[in-house]
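Because the structure is predicted, anything quoted here is derived from the model rather than measured.
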Amino acid sequence: MNDTSTVDRPATFRDVFAVVEFRVLFASFGIFMIGETVKMLALSVLVYERTGSGLLAALAYVTGFLPHALGGMFLLALADRWPARALLIGYDLLRLVMVAVLATGVLSPSAMLGLVAVVALFGPVSSAARTALLPDVLHGDAYVLGRSLLSVAAGGTQVAGFAVGGLLLGLVGPYGALWLTALTCGLSALLVRLGLARRPARVGPTPAGPMAADPVGDGPKLADRARAGAVRETLRVNRELLADRRIRGLLLAQWLPGSLLVGAEGVAVPYAADLGLGASAGVLLMAGAGGMLVGDLLVGRFVAPARRERWTPWLALLLGVPMLVFLARPALVPAAALFAVATAGFAYQLGLARRFLDAVPQARRGQAFGLVTTGMMAAQGLAAAGAGALSEVLAPGVVMAIAGAASAVTTLVLWPVLTPAGAR
């Protein structure tokens, strides 16, 4: 990080988009997300058409979740051992081959799901490489705003992907949609190849490489590290990162308050059904997505860096408190407003961005960011599953309030971690 990280002035969109490499990262990520959304939608429709099974169609839609978590547990070391540009291009080309095979229709539905699951193992490695590359491209508060813009892009392009996917399914069918998805994979790879500078891996294979500066724990000697396999290396570094009290606290702070709120989103469908005709879970979920996007944009762009960090625990508390009102079973419109206010609290993670970047060793930056994503996915999955189980015995509104209370209590427990050192 350079000296601009201490300037108490929020970066502007002009600051961020003036950097050519960020424009490339932003555009390629948007294309990637649209392609992934269209692929999931087309595959789900295709599997349902061929099997008539709603369960298999649902599995087709979420088939990358568990492999993504497994890849994050066992393969994240590759994010630091391989050059970032090569990883991003390689994963795009791997996805291109996968989607092309799916589009030929030669595989059975079970083989399709298996192929998607295998490729998804490498998803967290690519994601970690992209996230770790961002502070190399943007510095100071521009890095935080860049993180915010990528979050906004993720939500916005998913919405666009659903719209484009629905249109393509009507025009060219699921196979045609998959072929067009293959084009997005190639376009994303081309953008990265032409627009990003070539950088060496953070962890080198020889004593002269960057690994020599790796300060994570004592660990084995350098030569042993160079020979270690990706799985062994990933497990070792994950343990060392989690053993560091400061890093562990920041990881828990990023994983838990927001993930517990996802439990409330997980029962949005039964809650809307209980409200009666005319109520749609889509309205609640869209309000939640909108609140998150607006919160990220406003806090990331218009709140000064020091103030943003001081607001971190209060924004995290905002995630849970509005959900307590669901004990009163509000109607659709006020319920949507409560969702929007609560999810705006996700902007609390922007206040942790620079602290986490400073806490992790540069040589292990890719794996550290990948661990954030992996833990978040696992926590969100568990929260959604737990809320679904509770909804079998409790009213959905009560479950939402419990999820909000759990988020708020967790925030209070983590308050010392969420609060910057100067404000304690």
Side-chain angles (χ1 to χ4, degrees), residues 33 37 40-41 44 54 57-58 61-62 65 151-166 256-299 315-349 376-377 379-408 410-411:
M33 289 300 301
T37 305
M40 292 190 301
L41 189 59
S44 181
Y61 187 75
V62 299
F65 179 84
S151 298
V152 170
T157 51
Q158 278 186 318
V159 174
F162 285 126
V164 171
L256 296 181
S259 296
L260 289 168
L261 179 63
V262 173
E265 295 181 349
V267 292
V269 172
Y271 183 83
D274 280 358
L275 292 179
L277 294 176
S280 169
V283 174
L284 297 179
L285 296 175
M286 286 179 63
M292 183 170 62
L293 296 183
V294 171
D296 270 354
L297 278 175
L298 293 180
V299 175
L315 288 170
L317 195 61
L318 183 63
L319 289 166
V321 171
M323 306 310 295
L324 302 178
V325 182
F326 277 84
L327 284 173
R329 197 170 172 266
L332 182 63
V333 173
L338 288 168
F339 256 99
V341 172
T343 57
F346 274 107
Y348 87 94
Q349 295 190 344
M376 199 174 297
M377 289 186 68
Q380 289 178 0
L382 291 172
L390 280 177
S391 69
E392 295 293 320
V393 295
L394 297 174
V398 175
V399 175
M400 288 180 168
I402 291 174
S407 176
T410 302
T411 295

As an exercise, state the distance from [atom1] of [X] to [atom2] of [Y], rounded to the nearest 0.5 Å.
X      : Y      : atom1 : atom2 : value
Leu260 : Leu382 : CG    : CG    : 10.0 Å
Thr410 : Leu319 : OG1   : CG    : 10.5 Å
Met400 : Leu327 : CE    : CG    : 11.5 Å
Leu256 : Gln380 : CG    : CD    : 11.0 Å
Gln349 : Asp296 : CD    : CG    : 8.0 Å

Kindly give the heavy-atom pair with the smallest separation between [X] and [Y], and that separation in Å.
X      : Y      : value
Leu338 : Pro330 : CD1-CG, 4.0 Å
Gly288 : Thr343 : O-OG1, 2.7 Å
Ala387 : Gly263 : CB-O, 3.1 Å
Ala347 : Gly295 : CB-O, 3.6 Å
Met323 : Gly404 : CB-CA, 3.7 Å
Pro257 : Ser407 : O-OG, 2.8 Å

Within the distance-only criterion (no hydrogens, no angle test), does the side chain of Arg329 pair as donor or acceptor with the backbone N or O of Asp274 below 3.5 angstrom?
->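 Yes, the answer is positive, given that a donor and an acceptor are paired below the 3.5 Å cut-off.
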Just by distance, do the side chain of Thr37 and the backbone of Met33 share a donor-acceptor pair under 3.5 Å?
->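 Yes, Thr37 side chain to Met33 backbone: donor-acceptor pair under 3.5 Å.
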How far apart are the C-alpha atoms of Leu261 and Phe346, what are their side-chain angles, what is the distance that settles it, and do they pass the side chain to side chain contact (heavy atoms under 4.5 Å, CB included) test?
-> CA-CA 10 Å; Leu261 179 63; Phe346 274 107; 3.8 Å; yes
Leu394 vs Ile402 side-chain heavy atoms within contact, under 4.5 Å |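 Yes, their side chains come closer than 4.5 Å.
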What pairs with Tyr271 under ring pair (Phe, Tyr, Trp, His ring centres under 6.0 Å), at least two apart in sequence or on another chain?
->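 In terms of ring pair (Phe, Tyr, Trp, His ring centres under 6.0 Å), with neighbours along the sequence ignored, Tyr271 is linked to Phe326.
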Leu332 and Leu284: CA distance, side-chain angles, deciding distance, side chain to side chain contact (heavy atoms under 4.5 Å, CB included) verdict | CA-CA 8 Å; Leu332 182 63; Leu284 297 179; 4.0 Å; yes
